[in-house]
Structure formats: structure tokens, C-alpha cells
Amino acid sequence: MSCTVNILCYKSKTLSNGEHPLMICISKDGKRKYQSLGISVLPQHWDFEKNRPKRNSPNKELIQKFINDKVSEYSAQILEMKVIGKDFTASKLLKSSKNNIIRCTVHELFDKQIKQLEKDGRLKYASTFKELKASMIDYCKDLDIYFSDIDVQWLKGYEAWLKLKGLSLNSIGVRFRTLRVLYNKALDENMVRQDDYPFKVYKVSKLHEETAKRSITKNDIEQIITYKCEGKYKRLSVDLFYFSYLCAGINFKDIAYLTKNNIIDNRLVYYRKKTKKLIKIPIHNEAMNIIKKYEHPNQIYLFPILSSFHQTEIQKANRLSKILRTINKYLKEIGKELELPIDLTTYRARHRVVSFAL
């Protein structure tokens, strides 16, 4: 039996504003199934005989285009089912994910993504989405839009705006890769159609430029570790930098979580916080000396970064962020005093030209 698709103004239901909802009606095998299109019109603006908006109807052309698009979508799916010989019911057609896009705004998905990342303890990654959200609101003033509104032209405009703000190409690339992740999530959760996906045309890979990377040399390390420090945090900054250097470039966050349990048979054994990968490396004598320098009977961790006071993930993340900023501030000051040709940060300890053995 044939299957028909029609749009009806549903007079049986009147909304609080006096309008009737527009419904799509699928007729097959003597059964009719209805589903709201999410828009409504006043009865005086609808031609019930011809099933279309009247000439005096506000937004007549937009409403008619929306109706035509919906009818074309369902008609194309019906034809596809017939071509491949797949049976279907009117209910199944209406429940098809292809035609039932979940209405979720960009703002709503941002909030959902950030909340989930924070729940998972991925606070730094959550902050990346927070920064992108704030930047996009600054650009377009309002994120109460759908993902289908973010097209190639929108992306080009956002890119141009970020460049005018003085962001480097790599910084812009980070924002666009994060946005692409969010857009892909919207696709996965059926909040936007594949046909609307703008990153098929707009290539994020172009937002990258090679930067000259200079690794730490033996002479640089010698100057840093022999630097005469005054103050607890300045000394800690140098010690953590050197410890990272000696321990195969261990990440600052991983250093912060180290305890005595991570030292097994003169080896440092730990799981990377970022990748969950198990790392096993020999502990250099100088690295052990640094550890012993900060030993304290009442201390949980090897280094005075975290303590028993920091219980929640938020507390720990805030503490790590605060201490890392302080340490990098002191390292940059030291680098300038030593006239190193690079900005000295904890990250630099992870890029070594030579192995330094004492």
C-alpha cells in the first residue's frame, strides 16, 4: 500500500496564544500517525482547504519552505525504503533518527559537556570548553542558537574576529578543534544533521603554524641548578624543574600526586593522569636527593604541592593551577636573570637536547 505525507493545521488542539500546531501526518496501511513540527499558526492565517499558509500569514515564505523541506525529507526516506525493499510502518518512519533532530542549543550543549567533564574530574579540559564558550559569546553575544547556525561563513567570521583580537594561529586552532569536538558530539547525539556539518569544507588543520622549539641544553641546566635561590617557592621551582628533567620530563600534575608508594626498587612507577598510561623509569641519584630534601613525616605527597587539606577534585585543581602559575613565574624570572634565549617554564624540562649525568 502507498504511503503519503501531509502537513495539517491541527484544529483539535489550541495553544495558549490561540494558535494551532502544524503536524506532519504519515498515512500507511490504513493507519495515520501524527507528529508536531514545532511551529504553529493562527487559524485565520491558514488555508484549511489547500493545507498551506494564507497570503496574509506572517512569515508565509519561511513557513512554506519549512513545510516543503519536511515533506521532501520524509518522501525521500519513503522512496529509499521502497528501493531497498525494506518494510516500515508510519510509526517507525516518524521515529527515524534522521528526521527527529533533538532541539538543543549550542549554549545548552556547552553546559552539558562542561558539567560532564567536571564530574569526570577532567577539570583542565572542562576549562578549555569554558574559555571557548566565553569567547564565542563575546563574538556573537548569544549562544541561544542551534548547531545548524554554525556554518562555514560563521566559522570564517569567528576566525577573522579572533585574528583581530591578536590571537596566534595556534591559539585559534585550539579553539576551533575544541568547537569541532563539541559539534561532533552534537552529531552523535542527533542535534544536527550530517548535511549541516561545516568542517567538511572548513579545514581546522590550516590553523597551525610551526614554532621554533629550542630544547634545554647541558649548559642551560647547569646554570639553572646552580642558581642561588632565595625564598621557599623559588627554590621549589628550580628543584621541580630539575626533578622533571631527571625523570624523563614527568608532567607537573604527575609530580604533584607522587607519594612514597610510587618509588619501587629504585624506580619511579606511576600512571599518567592525562593518558592513564603506566610509566616506569629509574630514579637518578640527584632525583632521590631532591625527594629527600622535601621529606616530612606528616606529608602524604613527595612534594609540598598538595596536602591532606585538598580533598575534592576542585580543591586539588585550584591548588595545582595556583602553584604552577607561581612556579612558572619564578622560572621565567630566573631565565631572564640567566639571559636564557627562551621562556623558562616547567614544560621546557620535557624537551632535552642532551642527557645530563652527574
Side-chain angles (χ1 to χ4, degrees), residues 2-28 32-82 90-91 93-109 136-137 139-161 179 183 186-187 189-202:
S2 63
C3 182
T4 60
V5 181
N6 291 298
I7 302 295
L8 305 174
C9 183
Y10 204 63
K11 291 189 291 182
S12 300
K13 184 174 182 179
T14 303
L15 304 178
S16 58
N17 60 0
E19 295 180 343
H20 298 314
L22 296 186
M23 309 283 282
I24 189 157
C25 175
I26 307 292
S27 300
K28 188 177 186 295
R32 292 183 178 181
K33 292 294 178 180
Y34 297 87
Q35 182 169 283
S36 173
L37 291 179
I39 59 174
S40 56
V41 297
L42 290 169
Q44 61 265 35
H45 293 149
W46 187 261
D47 188 331
F48 288 93
E49 290 185 5
K50 298 181 179 179
N51 262 339
R52 66 187 185 189
K54 291 182 178 178
R55 290 183 179 180
N56 65 341
S57 176
N59 301 313
K60 173 183 177 295
E61 292 182 0
L62 286 175
I63 293 173
Q64 190 61 59
K65 181 180 185 304
F66 182 75
I67 290 171
N68 293 341
D69 289 345
K70 279 293 178 183
V71 172
S72 295
E73 279 182 20
Y74 282 99
S75 298
Q77 193 172 5
I78 291 168
L79 179 60
E80 182 181 342
M81 293 287 194
K82 289 181 177 179
S91 295
L93 193 66
L94 285 172
K95 290 179 181 178
S96 168
S97 61
K98 180 177 179 181
N99 294 288
N100 289 307
I101 294 297
I102 298 170
R103 309 305 285 175
C104 178
T105 66
V106 175
H107 196 288
E108 289 169 337
L109 188 57
M136 288 174 62
I137 289 175
Y139 168 61
C140 62
K141 310 307 177 188
D142 187 3
L143 287 183
D144 190 24
I145 58 175
Y146 295 111
F147 280 89
S148 56
D149 295 316
I150 300 179
D151 55 16
V152 173
Q153 287 304 117
W154 192 100
L155 293 175
K156 287 181 177 179
Y158 183 43
E159 178 192 340
W161 180 80
L179 177 56
Y183 206 113
L187 277 178
E189 297 191 11
N190 204 37
M191 297 172 181
V192 66
R193 304 180 193 284
Q194 286 282 355
D195 291 344
D196 293 323
Y197 192 63
F199 295 102
K200 291 179 182 177
V201 176
Y202 184 93

Trp154 ring center within less than 6.0 Å of Tyr202 ring center: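 No; Trp154 has its ring centre 6.0 Å or more from that of Tyr202.
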Could you state the interatomic distance from [atom1] ([X]) to [atom2] ([Y]), rounded to the nearest 0.5 Å?
{"X": "Tyr34", "Y": "Ser27", "atom1": "OH", "atom2": "OG", "answer": "6.5 Å"}
{"X": "Lys28", "Y": "Lys33", "atom1": "NZ", "atom2": "NZ", "answer": "13.0 Å"}
{"X": "Leu42", "Y": "Asn56", "atom1": "CG", "atom2": "CG", "answer": "10.0 Å"}
{"X": "Leu22", "Y": "Ile39", "atom1": "CG", "atom2": "CD1", "answer": "4.5 Å"}
{"X": "His107", "Y": "Ile137", "atom1": "NE2", "atom2": "CD1", "answer": "4.5 Å"}
{"X": "Ile150", "Y": "Phe199", "atom1": "CD1", "atom2": "CZ", "answer": "7.5 Å"}

Tell me if a side-chain donor or acceptor on [X] pairs with a main-chain N or O of [Y] at a distance below 3.5 Å.
{"X": "Asn59", "Y": "Leu62", "value": "no"}
{"X": "His20", "Y": "Lys13", "value": "yes"}
{"X": "Ser57", "Y": "Lys60", "value": "no"}

Is there side-chain contact between [X] and [Y], with heavy atoms separated by less than 4.5 Å?
{"X": "Ile67", "Y": "Gln64", "value": "yes"}
{"X": "Lys11", "Y": "Pro43", "value": "no"}
{"X": "Leu179", "Y": "Leu155", "value": "yes"}
{"X": "Tyr183", "Y": "Val192", "value": "yes"}

Within 6.0 Å of CD in Glu61, more than 12 heavy atoms from elsewhere: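 Counting neighbours around CD of Glu61, 12 or fewer heavy atoms of other residues, nucleotides or ligands fall under 6.0 Å, so no.
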Neighbour count >12 (heavy atoms, 6.0 Å) for atom NZ, Lys156: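 No, not enclosed.
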No-hydrogen, no-angle side-chain donor-acceptor test under 3.5 Å, Gln153 and Asp151: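 Not at all, the side chains of Gln153 and Asp151 share no donor-acceptor pair under 3.5 Å.
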Aromatic plane relationship, Tyr139 with Trp161 - under 30° parallel, 30 to 60° tilted, over 60° perpendicular: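 Rings of Trp161 and Tyr139: tilted, as their planes differ by 30° to 60°.
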Matching residue for Tyr74 among Leu79, Asn6, Val5 - test: side-chain contact (heavy atoms from CB on, under 4.5 Å):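 Single pass found, and it is Val5.
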